[in-house]
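Single-structure report; data block below.
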Amino acid sequence: MKAKIVLIRHGMTQGNQEHRYVGTTDEGLLPESVEDLRGMQEFWQKQVPMNGRTVADSVHDEIEIVPGKITCEQYSEKNENKNQVVYVSPYLRAKQTADILFPDAGKVEIAEFAECRFGEFEYKNYAELNGNPDYQRYIDSGGTTAFPGGETKAGFTDRVMRGFEKVFVDAESREGQKRLRCDVSSRIETAHTSLSDTIIIVAHGGTIMALMDQLSEPHKDYFDWQVKPGEGIAGWLEATADGMQIVSYEKMKLPHGMKNGA
C-alpha cells in the first residue's frame, strides 16, 4: 500500500516564541500566528490534494466500470472534501492549526500524538534551566534520558508510533468504505495499491521528529527532523508485510516572504 503523507507542525504559541519546553501546557496560538496560518492555507492545500487522487496513476487506465457504480473521480467530485480527514493532536494549538489550514476536512483526534511530557522542565526555557544538574544530565545524554517526572525519548516515540498505527488502520478502513461506493478494477482492489486520500497529520515538533526517526528511508535521526511552527514534511508512506516507511520525503519550507512566526 502506498499513500501520500503530510506532517505539519502547529503554529506559534507564546511558549514557542519564548523557546520554552511546551508539552502538556495546553495553550492556544498567538493571534499573529492565526493570521499567519490563514496566509498559509493555500500553500498547504496545494501540497495536499483533497480527494484529487484516485488510485495509483500508473494503473488509472486499467479501471473497469461496474454497472451501478460511479468512478472514483465522479465520487470525489460529488463529495468534494467531505471524505478528507486530518489526524490531529488533542492539544488546542494543533486543533486550531488544523481548523485554519483545512476548515472543510473532518478532524480525528489521536491522543498518542500529544507532545512529549517534559515533566519538571515543562514550560521552562534554557535561561531558567541553566545550572540545573538534572538538565545538564539530560543535555549530556544527548537527549536520551528521561525528563525528570516526564518521558524518555524512547517511551515518547513508542507512544507516537502506537498512534500512527491507529491512523493507518483508520485510513485503510476509510478507503475500504470509499471503494464500496466507487468503481475500481478487481486487480487494483486486491493489490490495494494506493490510498486515494492524503494522510494529513497536524501535531507537534516532537511528534513529527518521532515519526520520521522511525519511518524515514533513507533514515535520519530524531533531532534531524526539527521543523518550525507552521512548516512540515511531505512524502510517501509505503506499507508492506515487512513494515512501514516514509520515502521521497522533503521538508516543506514556506515560500520566501511568508511568515511562520519564527
Side-chain angles (χ1 to χ4, degrees), residues 5-27 87-95 97-98 108-170 199 201-229 231-233 235 237 239 242-246 249 251:
I5 185 167
V6 174
L7 313 174
I8 303 173
R9 185 182 177 189
H10 62 77
M12 181 71 73
T13 70
Q14 185 70 36
N16 296 150
Q17 192 173 63
E18 297 172 356
H19 304 289
R20 298 182 180 279
Y21 284 97
V22 185
T24 57
T25 302
D26 197 14
E27 63 181 1
Y87 299 98
V88 62
S89 157
Y91 289 146
L92 178 61
R93 53 196 185 272
K95 292 191 289 185
T97 300
V108 177
E109 287 188 26
I110 303 295
E112 292 85 352
F113 283 171
E115 181 60 285
C116 184
R117 294 189 288 271
F118 296 122
E120 294 177 14
F121 297 168
E122 176 67 26
Y123 220 72
K124 296 180 180 177
N125 57 24
Y126 173 79
E128 294 165 342
L129 290 168
N130 189 29
N132 182 321
D134 289 331
Y135 184 63
Q136 190 59 53
R137 277 192 291 272
Y138 170 76
I139 296 297
D140 292 342
S141 76
T144 59
T145 60
F147 292 98
E151 292 179 287
T152 63
K153 180 165 73 72
F156 169 59
T157 298
D158 287 345
R159 165 164 66 80
V160 170
M161 287 304 296
R162 289 195 301 272
F164 190 73
E165 289 170 4
K166 290 182 179 180
V167 167
F168 181 76
V169 170
D170 184 74
I199 295 175
I201 295 172
V202 178
H204 309 274
T207 309
I208 293 171
M209 292 159 71
L211 288 171
M212 293 303 293
D213 177 50
Q214 293 297 299
L215 297 173
S216 60
E217 180 57 42
H219 178 258
K220 292 183 181 180
D221 290 332
Y222 185 91
F223 291 108
D224 292 326
W225 291 109
Q226 298 180 65
V227 295
K228 295 178 180 179
E231 296 189 350
I233 296 163
L237 175 69
D242 296 326
M244 293 184 285
Q245 58 185 17
I246 295 177
Y249 52 73
K251 287 188 176 181

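In this structure, V6 and I199 have side chains that are not in contact, with every pair of non-hydrogen atoms separated by 4.5 Å or more. Inter-residue side-chain proximity for T152 and T144 is flagged as unmet; no heavy-atom pair is nearer than 4.5 Å. Side-chain contact check for Y87 versus L7: every heavy-atom pair is 4.5 Å or farther apart. Side-chain atoms of L92 and E27, non-hydrogen and from C-beta on, never get closer than 4.5 Å to each other. For the pair R159 and F164, the minimum side-chain heavy-atom distance is 4.5 Å or more. Proximity of E115 to T24: side-chain heavy atoms (C-beta onward) are nowhere separated by under 4.5 Å. With contacts defined as side-chain heavy-atom distances shorter than 4.5 Å, the pair E112/V160 does not qualify. Contact check for I246 versus E217: no side-chain heavy atoms found under the 4.5 Å cut-off.
The shortest non-hydrogen separation linking N125 to E18 is ND2-O, 3.3 Å. Here the closest heavy-atom approach between residue C116 and residue F147 is recorded as SG-CE1, 3.8 Å. Contact record, Y123 with T25: CD1-OG1, 3.7 Å, taken as the closest heavy-atom pair. Between W225 and M209, the shortest heavy-atom contact is O-CG, 3.5 Å. Smallest separation of non-hydrogen atoms from D134 and N132: N-OD1, 2.8 Å.
With L129 as the fixed residue, the side chain to side chain contact (heavy atoms under 4.5 Å, CB included) test singles out one of E120, Q136, K124: K124.
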(message) Assess the residue pair E128 and R20 against the criterion (side-chain contact (heavy atoms from CB on, under 4.5 Å)); give the C-alpha distance rounded to whole Å, side-chain angles, the decisive distance to 0.1 Å, and a yes or no.
(response) CA-CA 9 Å; E128 294 165 342; R20 298 182 180 279; 2.8 Å; yes

(message) side-chain contact (heavy atoms from CB on, under 4.5 Å) for K95 and E109? Distances and angles first, verdict last.
(response) CA-CA 9 Å; K95 292 191 289 185; E109 287 188 26; 3.3 Å; yes

(request) Go through I208 and V227 one step at a time and tell me if the side-chain contact (heavy atoms from CB on, under 4.5 Å) criterion holds. (result) CA-CA 8 Å; I208 293 171; V227 295; 4.0 Å; yes

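Looking at T157, its side chain does come within 3.5 Å of a backbone N or O of K153 through a donor-acceptor pair. The backbone N or O of F113 lies less than 3.5 Å from a partner atom in the side chain of T207, making a donor-acceptor pair. Although no hydrogens or angles enter the test, the distance criterion places a donor-acceptor pair under 3.5 Å between the side chain of D224 and the main chain of D221.
Using bins of under 30°, 30° to 60° and over 60° for the plane-to-plane angle, the ring pair F121/Y21 lands in the tilted bin.
In the displayed structure, Y126 atom OH is contacted under 6.0 Å by at most 12 heavy atoms of other residues, nucleotides or ligands. The 12-atom threshold is exceeded at NE2 of H219, counting heavy atoms of other residues, nucleotides or ligands nearer than 6.0 Å.
Within the model, atoms CD1 of I8 and CD1 of I201 stand 10.0 Å from one another, a figure rounded to the nearest 0.5 Å. With values rounded to the nearest 0.5 angstrom, Y222 atom OH is found 13.5 Å from M212 atom CE.
Ion pairing between a basic and an acidic side chain is recognised when a charged N comes within 4.0 Å of a carboxylate O; E231 and K251 show no such pairing. Between R117 and E122 there is no salt bridge, since no side-chain N of the basic residue sits under 4.0 Å from a carboxylate O of the acidic one.
For an aromatic pair to be called close, the ring centres must be under 6.0 Å apart, and Y91 with H204 satisfies this.
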